[in-house]
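Just so you know, ligand 1 is whichever comes first in the structure, and atom 1 is the first atom listed for that ligand. Here the structure is a predicted model, which means the values were calculated and not measured. Residue numbers start at 1 and run along the sequence shown.
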Amino acid sequence: MDNPPDTGVSEGMETDVIIVGGGLNGPALALALAQGGLKSVIVDSLPAERRADPAFDGRAYALSLASRRLFAAIGIWPEVAPSAQPILEIKVSDGRAGEGAAPFFVHFHHGEIEEGPMGHVLEDRFLRRALLAAIDSAPGITHLAGMRAVGQETGGDGATVTLDDGGKIRGRLVVACDGRQSATAARAGIRRTGWRYGQTALVAAIRHERPHGGIAHQFFMPPGPLAILPLPGNRSSIVWTETEAEAARVHALPPEAYLDHLRPRFGDFLGDIALEGGRFTYPLGLSLAERFVAPRLALVGDAAHGIHPIAGQGLNLGLRDVAALAECLVDARRRGEDIGTTGPLREYERWRRFDTALMAAGTDVVNRLFSNDNPLLRLGRDLGLGVVNALPGLKRRFIREAAGLTGELPRLMKGLPI
Ligand SMILES: Cc1cc2nc3c(=O)[nH]c(=O)nc-3n(C[C@H](O)[C@H](O)[C@H](O)COP(=O)(O)OP(=O)(O)OC[C@H]3O[C@@H](n4cnc5c(N)ncnc54)[C@H](O)[C@@H]3O)c2cc1C
């Protein structure tokens, strides 16, 4: 690893909010806070060049309409929009490898809501780079890359985070954006509930002969779902779930054998397929923090809730935390309050905890219900999908949920200034 940069932190640094973790939610939070005039320091243990490397993370995110509004408000949407693919339709079906499209499917069309496409698919390499560039040029944000937070103290009048070089940062509040293994949350005594699913997601970009028409597909297979997310051009990103052992075996195959394995699952509706770029794997599990706040501390993103990617909602949930927490803190500052006190933190927790617990439970149940070949469950879920497809009111409700338009939206997700 690179040597930590000489930042002068060892002499002590003062800010409003100390953000531990510069993945995706940490930088988004710093930019949202800056809109409301709050200063922040972001610390990430990985060097910035490593995170900005296009091969760092192979995921492409299905971003909801509400998340797009947040990115517009914090000024990064114009940077990433040319690389984002609008999702015009979503098709969901229940199937087995090699059997083709199942007879029961749900078809969601963006025309069923007034707001336009329910979301966009955006590759990590574009999103991460845009966020890193934005925090490096925004006034009021200091980015300490290649430095690990190793301790924190929270007291009556402020919080201090200690770095691995012994440097200290002082602020009003610490926000943990350090992912599902959050050491910041653990140090604060916040326990987690969770389990592994025994599944691994195989992720890759695929080039295909025919245009996808902006349609995202979700095929439920016995070992787990296969999502095909449209990317600009004749390309799609796959999130292909297999059991841990099978995924390890498939991942180790040479490219042609990998594709031979994928073809009967993917089908031929887009013509012939080829791999584009690297192949990645992500072990899947659930990890929910029992509390989202502690004295002078808040959890955001995967540090608060790491969920199954079956609904493509993990980052969307994290971005809603970002917009909600920024609003609570900026409002507290405007009222002349200390932003690290219990009032704004309780407000944030009340706003976000129920919503995330519901989504975590929902993805857990759907994954268990669909990731098997039990004939009774197959019949039940196929009938269920048929019912959803036949009821326009219910379908519209699902589309609004996928677009992130349900529940109490923070101002930044309504297209309003903070
Ligand atoms: C296969 C897959 C597909 C997905 N698809 C979607 C999708 O389509 N749509 C969607 O909304 N979501 C999706 N998600 C979820 C999404 O990827 C996550 O929710 C998101 O990446 C979490 O970002 P984060 O910033 O909270 O955490 P992370 O990305 O985990 O970032 C944590 C950061 O903290 C840093 N860090 C850790 N410890 C320390 C420390 N002690 N000091 C300093 N820094 C530290 C790390 O270096 C890292 O950069 C998917 C997830 C998976 C696995």
> For ligand 1, which atoms, with element, lie under 4.0 Å from some heavy atom of L24?
Replying inline: 21 (O), 25 (O)

> Under 3.5 Å, N or O to N or O, is N25 touching ligand 1 that way?
Replying inline: yes

>> Need the ligand 1 atom indices (1-based, order shown) with element for anything under 4.0 Å from a heavy-atom of G301.
In response: 26 (O)

> What about D302: any of its N or O atoms under 3.5 Å from an N or O on ligand 1?
Replying inline: yes

>> Yes or no: does S45 have any heavy atom under 4.0 Å from an atom of ligand 1?
In response: yes

>> I need the atoms of ligand 1 closer than 4.0 Å to a non-hydrogen atom of A62, numbered in the order shown.
In response: 7 (C), 8 (O), 9 (N), 11 (O)

>> Geometry only, no angles: is A149 polar-contacting ligand 1 at N/O separations under 3.5 Å?
In response: yes

>> Please state which option from Y61, F56, F280 has its nearest heavy atom closest to atom 14 (N) of ligand 1.
In response: Y61

>> Less than 6.0 angstrom separating the ring centers of W77 and H120, yes or no?
In response: yes

> So, H217 versus F269, ring centres under 6.0 angstrom or not?
Replying inline: yes

> At under 4.0 Å between heavy atoms, which part of M147 makes contact with ligand 1: side chain, backbone, both or neither?
Replying inline: backbone

> Where's the contact between L63 and ligand 1, heavy-atom distance under 4.0 Å: side chain, backbone, both or neither?
Replying inline: neither

> Going by the atom numbers of ligand 1, which of them fall below 4.0 Å from some non-hydrogen atom of V43?
Replying inline: 43 (C), 44 (N)

>> Suppose I only count heavy atoms of G314 and a 4.0 Å limit; which atoms of ligand 1 are within that range?
In response: 10 (C), 11 (O), 12 (N), 15 (C), 19 (O)

> Where does R59 meet ligand 1, judged by heavy-atom distances below 4.0 Å: at the side chain, the backbone, both, or neither?
Replying inline: side chain

>> Check contact between G318 and ligand 1, using heavy atoms of the residue and a distance below 4.0 angstrom.
In response: no

> For ligand 1, which atoms, with element, lie under 4.0 Å from some heavy atom of A201?
Replying inline: 1 (C)

> Any N or O on G22 sitting closer than 3.5 Å to an N or O of ligand 1?
Replying inline: no

>> Regarding H143 and D44, do their side chains bring together a donor and an acceptor under 3.5 Å, going by distance alone?
In response: no

> If you measure every N/O of P309 against every N/O of ligand 1, is any gap under 3.5 Å?
Replying inline: no

